[in-house]
Amino acid sequence: MQRILTLAVGCILFTACNNGNKQAELTSYKSIKVTYPETKKDTTVKDDYFGTAVYDPYRWLENDTSAETAAWVKAENEVTQNYLGQIPFREAIKKRYETLFNFEKYSAPFKQGKFTYYYKNSGLQNQGVLYRELEGGTPEVFLDPNTFSKDGTTSLAGISFSKDGSIAAYNISEGGSDWQKLIVIDAGTKKQTGDTLSLKFSGASWKGNDGFYYSNYERLKEGSVLTAKNENHKLYYHKLGTPQSEDKMVYGNDAAPVRYMFGGVSENEKWLIIGTANETYGNALYVQDITKPGSTVIPITTDMKASYSVVDVDDNFFYIQTDKDAPTGKIITAPATDPSLANWKTIIDAKPEVLSASAAGGTFYCTYLKDAINKVYQYDRTGKQLREVTLPGLGTADGFSAKKDEKETYFTFTSYVNPAIIYKLDIASGKTEVYKESKLQFDPKNLESKQIFYTTKDGTKIPMIITYKKGIELNGKNPCLLYGYGGFGVSLTPYFSTSNIILLENGGVFAVPNLRGGGEYGEDWHNQGIKLKKQNVFDDFIAAAQWLVDNKYTSRETLAIEGGSNGGLLVGACITQQPGMCKVAFPAVGVMDMLRYHKFTAGAGWAYDYGTSADSKGMFDYLYHYSPLHNIKPADYPATMVTTADHDDRVVPAHSFKFAATLQENQKGINPVLIRIETKAGHGAGRSTQQTIQEQADKWSFMFYNIGVKPTY
């Protein structure tokens with residue numbers, strides 16, 4: 001039977017006062033009737049896990065190529081768009097966001113051969129355009145992704161040049177898929193050479209002008225390439241002018257397969273550097289002298305129990321960043337003659353803060369993370385500190401890469417209240433100057449951010465940065481979006497979001513806690529939120545929400561929570577454990593089926609963080625206890641808009657499909673449960689500007705309507 005939900009809300013509306021704050025008024029919106037599509041249930045589908053029967057009645061939604069699934073997607077999207085279309089201020093929010101978004105956006109420049117390249121979006125172009133120019137010359141378009149497809153859903157996903165800059169290979173993503181095409185062009189004429197490859201999780205790393213290395217999975221000849229399990233990544237060499245079918249495998253082993261493999265050629269073109277990994281943390285590292293035909297692959301380290309990345313190479317040493325015996329990271333040298341562990345020497349020792357290193361102009365730039373805020377120092381190749389890089393404030397600095405012979409480098413600085421500014425840095429003197437400044441038509445001086453520390457369930461102190469409009473009244477009625485991630489060692493550092501202006505200029509609060517499972521305090525912090533400690537992440541997020549309520553930044557009736565991917569899992573777990581923690585929930589592209597996630601695409605590689613249901617009874621029991629899909633029961637859930645995309649081949653949309661169907665079935669309150677399924681889009685990157693604007697307008701419209709905010713436009 002079809003389920004019908006009528007939404008009739010007595011809301012608190014907020015309108016602008018003369019002092020710029022928000023004043024509450026009581027009113028009510030019209031009712032919106034939601035009729036959910038009928039979703040077939042197959043109650044015979046079940047699995048046995050260590051003697052426990054687990055039913056999976058919506059498993060048929062895992063088949064992304066079936067007409068039945070397509071019909072369900074169409075029906076759900078129609079329900080969602082019908083609901084959103086009845087929100088009276090949806091179009092006004094979209095127009096406001098479009099106005100805000102319409103300004104020139106630049107990337108930091110980079111040099112290849114005799115040209116300087118950079119990306120630019122004139123304002124509302126669906127994709128940024130790659131330009132190039134000679135010193136003192138007129139900029140010219142090098143690649144315009146807006147010509148790749150009529151609707152702007154095919155994006156430029158990366159580019160690499162041969163050392164002299166004469167040849168380039170660029171990746172294109174169609175509809176946001178991680179499966180991409182790699183196309184080779186003559187950089188001088190911009191004409192294609194005829195070399196086109198299909199690959200996943202790889203670009204090209206050039207060896208002279210004759211060919212390049214890349215890694216790839218075997219692509220299925222039948223079935224769905226968007227859901228099939230990815231295993232046995234291998235490294236290949238492609239010689240220009242030959243078909244991909246003739247490419248030579250350089251490294252890989254069917255007897256000992258790995259899930260991720262990456263190969264890169266050193267700047268001096270002497271070494272091929274190979275990294276292999278079975279999970280998202282921990283890797284092995286190998287090198288091969290490619291100047292000597294037939295040379296063997298030399299292992300530097302093979303234990304996969306720590307992370308290793310080559311920052312730079314010269315005639316004598318490999319310079320490697322690692323967290324082996326240093327959870328926050330250090331830099332060591334490994335002699336090129338014998339780079340084995342016994343010959344390593346630490347040149348930049350670990351600090352209490354987390355390290356991220358890069359090389360530019362023959363020096364190292366070490367970006368350290370202290371309480372989610374960056375500081376940057378420059379070192380010489382012996383490990384001697386040369387200077388601290390002057391940053392314009394407390395925020396996030398990114399960049400600091402350049403070739404050895406370059407005299408300058410670039411970095412981008414941003415924060416929750418400062419739009420991104422690109423700086424040029426003189427490597428010898430350390431002097432910085434503004435290269436490109438944002439032309440966003442918004443005054444960030446009206447905003448402020450502050451960092452607080454709150455105590456979570458087990459007594460751990462968690463940092464959280466809160467951003468809002470100056471002069472806000474802490475009356476417990478402010479709309480608030482709490483955003484979280486908490487996984488895979490990923491650090492959430494301050495960034496400026498044009499979309500968040502919609503919330504902030506309507507008296508809202510944006511809050512980001514640095515949950516355990518992230519990388520803000522190094523590998524120890526990460527490990528406190530994985531496998532049998534994953535509940536710590538959910539507890540940290542729930543405690544953040546409680547702190548915001550207790551300190552009158554918001555209330556449970558005006559609080560929304562959001563997270564994507566692993567953050568989608570976070571939101572799903574929190575609302576199934578505590579349905580009353582918030583009024584609105586946005587689980588985006590989430591990992592919702594914790595018992596089967598490892599059976600799709602590259603999911604098995606996430607086992608370092610999650611463990612799998614096949615590992616042991618103890619691990620199964622733990623996953624089953626918090627898996628969002630398996631912990632939905634009849635309850636009064638928040639107004640929820642699940643979001644996913646039809647070309648997401650990282651976290652397959654079946655997670656969101658099954659979660660939404662089950663949540664709709666079990667919603668006992670008056671709040672709507674919708675699923676918004678973007679077409680011709682993937683896990684996140686590569687969306688067109690128009691897709692982004694509409695998606696964000698729909699998010700704010702859904703949130704504001706359900707917590708009772710009337711926007712001021």
Side-chain angles (χ1 to χ4, degrees), residues 281-282 306-312 319-333 344-360 363-401 409 411-416 418 423 425 430 432 449-454 456 460-466 484-495 512-530 536-537 540:
Y281 175 77
S307 65
Y308 309 89
S309 61
V310 176
V311 180
D312 204 4
Y319 297 84
I320 299 170
Q321 177 180 330
T322 180
D323 59 7
K324 180 177 175 60
D325 303 320
T328 57
K330 63 183 178 181
I331 296 180
I332 63 97
T333 57
W344 289 11
K345 178 183 177 182
T346 299
I347 60 167
I348 301 178
D349 214 338
K351 297 179 182 291
E353 298 79 30
V354 179
L355 169 66
S356 177
S358 59
T363 67
F364 299 116
Y365 286 89
C366 292
T367 301
Y368 290 97
L369 191 63
K370 179 176 175 56
D371 298 332
I373 305 297
N374 284 155
K375 285 187 174 293
V376 183
Y377 300 89
Q378 184 184 15
Y379 293 82
D380 69 14
R381 301 180 82 76
T382 68
K384 177 184 176 182
Q385 183 177 311
L386 301 177
R387 61 179 59 87
E388 180 178 357
V389 176
T390 302
L391 299 179
L394 301 179
T396 302
D398 182 59
F400 307 102
S401 294
T409 185
F411 68 93
T412 301
F413 180 84
T414 185
S415 73
Y416 289 120
N418 295 112
Y423 290 85
L425 189 157
T432 62
S449 280
K450 73 173 184 179
Q451 186 175 59
I452 62 93
F453 290 80
Y454 65 91
T456 190
T460 303
K461 293 290 186 181
I462 309 293
M464 178 163 61
I465 297 179
I466 309 168
Y485 189 78
F488 297 97
V490 172
S491 299
L492 294 188
T493 60
Y495 64 94
V512 182
N514 297 110
L515 313 172
R516 285 176 287 181
E520 290 86 355
Y521 295 101
E523 192 52 25
D524 288 344
W525 192 253
H526 175 206
N527 285 331
Q528 289 182 50
I530 66 172
N536 285 339
V537 186
D540 292 353

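Start at 1 with the first residue, then count along the sequence.
Nearest approach of C366 to I348, heavy atoms of both residues: SG-CD1, 3.9 Å. In this structure, D323 and A306 approach most closely via the heavy-atom pair OD1-CB, 3.4 Å. A pairwise comparison of heavy atoms in T328 and A350 identifies OG1-CB, 3.8 Å as the closest pair. For the residue pair G484 and L515, the shortest heavy atom distance occurs at CA-CD1, 4.3 Å. When every heavy atom of K330 is checked against every heavy atom of D349, the shortest pair comes out as CB-C, 4.1 Å. Taking both residues in full, the closest heavy atoms of G522 and V354 are given as N-CG2, 3.1 Å, listed atom of the first, atom of the second, then distance.
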Using the rule given for side chain to side chain donor-acceptor pair (under 3.5 Å), can you reason through T412 versus D398, listing the C-alpha separation, both sets of side-chain angles and the distance that settles it, and then say yes or no? CA-CA 5 Å; T412 301; D398 182 59; 5.8 Å; no
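Put simply, CE on M464 and OH on Y454 are 6.0 Å apart, with the number rounded to the nearest 0.5 Å. Atom CD1 of residue I331 and atom CD1 of residue I347 lie 6.0 Å apart, to the nearest 0.5 angstrom.
Within 6.0 Å of CG on L394 lie no more than 12 heavy atoms contributed by other residues, nucleotides or ligands.
Remark: side-chain polar atoms of Y416 are not paired, donor with acceptor, to backbone N or O of K450 under 3.5 angstrom. When atom types are taken as modelled, the side chain of S491 and the backbone of G519 share a donor-acceptor pair closer than 3.5 angstrom.
Between W344 and Y308, the two ring planes are perpendicular [angle over 60°; tilted spans 30° to 60°]. Relative ring orientation between F411 and Y423 is described as parallel, the plane-to-plane angle staying below 30° on a 0-90° scale split at 30° and 60°.
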